[in-house]
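These notes are about the structure you will find just below.
Model, not experiment: these values are computed from the prediction.
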Amino acid sequence: MLSRPPVPPLPPVAPEPDTAAGPDWDVFCRIIDNFGDIGVCWRLARQLASEHRLRVRLWVDQLQTFNVLCPKVDPTLAMQLVQGIEVRRWEPRFAAIAPAAVVLETFACRLPETFVVSMAQRSPRPAWINLDYLSAEDWVAGCHTLPSPHPRLPLDKFFFFPGFTGATGGLLREHDLLGRRRHFAGDADLQIAFWRQAGCVPPPGDRLLVSLFAYETPAINDLLAAWEVSEIPVCCLAPLSRALPQIRSYAGRSIEAGDTFRRGALEIRILPFLEQDHYDQLLWLCDLNFVRGEDSFVRAQWAAKPLVWHIYPQAAGAHVIKLDAFLALYCAELPAGGTTALREFWHKWNAGRIESASWRKLAASLPTLREHAQRWQESLARQDDLASRLLRFAHSKL
């Protein structure tokens, strides 16, 4: 059994000013270099507040980046209420404050030391959970919910891994998400409203609609060139992202949000950066979705459409192991032809090179991939969602 060294006396911590009602959950988010961290945290915070009626305090270190994702956030305010969430700026010098009953440390962002000391002084002590990164690797199930004792204080931190099976923490899914998707798919007025919000008109019905959300990669130029000579006309819908310089390079000119570029069988439409709900609608509209990181990757699976994942690149190719782990799970019940086309395309996309032949194979497999995406989404929907599993686990530790 693990044992701790003797616990030293805790230094005094000044309490925060009295408020009418303290938070039920503290959620800490440190934005690294993309929107994935805050995208996950913001979806989770909203779900905890709206569906489970919890008081959530969300700590974010870069409110300016958060503002891009959610324009209602005012980057100049250290504390504000946004969609029922108490949003706090995570300052480098963290003031002493009373912790909530549950403390969620996301993606190993490391809590302020003064806050950890306050957690040890709280009675009863908070349930301290680290929400880790999503992975389909085999080891995840064995590490899910394992404790990690603090080296000095009487606190345990528990690791919580999102995942695709019942042995993990599940995936983020609001209770009405699939109903909203079905309603949107059958409502022409909602679809027209989306196009109006995006600043363009619906494309002709013979186009293959593809959303493109990716990291920087030379494969973008290859892909656009393949679409230019595609037998099926392609309308590429590209929200503002880090892929824009590669799209400009292919176009040979500057293009911005609201611009359209045509060449051969390809039409590119640059969309503004989309808030989360509108991005979901984009995924629902398209026939194929190129996604990146974690948040858009999960939302594309709930869209029940074929997808191509640009996984976050890591040193020494560590991300390829994660890519293959998911492919093994995702392709387990996919017919052999679809599996071959999908594996080949995903690997080449993540390696930074695409040939027209790879695109033709993937395009020919789209009917099979579409049926499989629907079955995959239905199987995931039979499991409990991430927020529900988190809540049950946190309550078991209080």
Side-chain angles (χ1 to χ4, degrees), residues 181 184-185 191 194-195 198-244 246-251 255 257-274 278-293 296-297 299-311 338 341-342 344-346 348-350 353-374:
R181 178 177 64 81
F184 181 83
Q191 296 174 29
F194 169 85
W195 292 113
C200 54
V201 297
D206 64 340
R207 300 294 192 271
L208 185 75
L209 288 185
V210 183
S211 73
L212 179 60
F213 188 53
Y215 300 117
E216 303 94 329
T217 171
I220 291 175
N221 290 67
D222 298 338
L223 181 64
L224 297 178
W227 285 344
E228 179 184 337
V229 296
S230 175
E231 295 178 1
I232 306 171
V234 175
C235 180
C236 172
L237 305 171
L240 283 180
S241 73
R242 288 163 54 176
L244 187 58
Q246 279 76 35
I247 298 175
R248 286 171 174 162
S249 174
Y250 168 81
I255 49 179
D259 290 343
T260 298
F261 175 82
R262 297 179 180 85
R263 182 181 290 168
L266 170 64
E267 176 185 344
I268 303 173
R269 299 187 183 187
I270 307 299
L271 306 184
F273 191 91
L274 301 176
H278 291 143
Y279 181 71
D280 282 335
Q281 292 177 343
L282 173 66
L283 297 176
W284 301 340
L285 273 173
C286 287
D287 303 299
L288 174 65
N289 292 304
F290 284 72
V291 291
R292 72 181 201 195
S296 60
F297 175 48
R299 303 309 281 194
Q301 291 174 66
W302 293 129
K305 298 291 184 69
L307 72 151
V308 176
W309 184 26
H310 197 180
I311 189 171
L342 191 71
E344 177 184 311
F345 195 93
W346 280 34
K348 291 189 174 185
W349 179 247
N350 281 278
R353 63 182 188 278
I354 287 292
E355 300 89 14
S356 292
S358 298
W359 164 247
R360 288 195 295 271
K361 290 179 186 177
L362 187 72
S365 299
L366 284 178
T368 298
L369 294 174
R370 189 177 303 114
E371 293 178 2
H372 178 70
Q374 181 65 43

Minimum heavy-atom distance [X]-[Y], with the two atoms named:
X	Y	result
Leu271	Ala198	CD2-CB, 4.0 Å
Arg181	Trp302	NE-O, 3.2 Å
Ser241	Arg292	CB-NH1, 4.0 Å
Arg269	Cys200	NH1-SG, 3.6 Å

With heavy-atom distances below 4.5 Å as the criterion, would you say the side chains of [X] and [Y] are in contact?
X	Y	result
Asp280	Phe184	no
Phe213	Leu282	no
Trp195	Leu285	yes

side-chain contact (heavy atoms from CB on, under 4.5 Å) between Cys235 and Leu209: does it pass, once the steps are laid out?
-> CA-CA 5 Å; Cys235 180; Leu209 288 185; 3.7 Å; yes

Do the side chain of Arg353 and the main chain of Lys348 share a donor and acceptor less than 3.5 angstrom apart?
-> no

Might you work through the side-chain contact (heavy atoms from CB on, under 4.5 Å) test for Arg248 and Leu244, ending with a clear yes or no?
-> CA-CA 6 Å; Arg248 286 171 174 162; Leu244 187 58; 3.3 Å; yes

Does the gap between the ring centers of Trp284 and Phe194 come in under 6.0 Å?
-> no

CH2 of Trp227 to CG of Leu212: how many Å apart, nearest 0.5 Å?
-> 5.5 Å

Can you list the residues that meet the side-chain hydrogen bond (donor to acceptor under 3.5 Å, both in side chains) rule with Gln246, with sequence neighbours excluded?
-> none

Relative to the ring of Phe297, is the ring of Trp309 parallel (under 30°), tilted (30 to 60°) or perpendicular (over 60°)?
-> parallel

side-chain contact (heavy atoms from CB on, under 4.5 Å) between Asp287 and Leu366, intermediate numbers included = CA-CA 8 Å; Asp287 303 299; Leu366 284 178; 5.7 Å; no

Determine, step by step, whether Ile268 and Tyr250 satisfy the side-chain contact (heavy atoms from CB on, under 4.5 Å) criterion, reporting the C-alpha distance in whole Å, the side-chain angles of both residues, the deciding distance to 0.1 Å, and the verdict.
-> CA-CA 11 Å; Ile268 303 173; Tyr250 168 81; 4.1 Å; yes

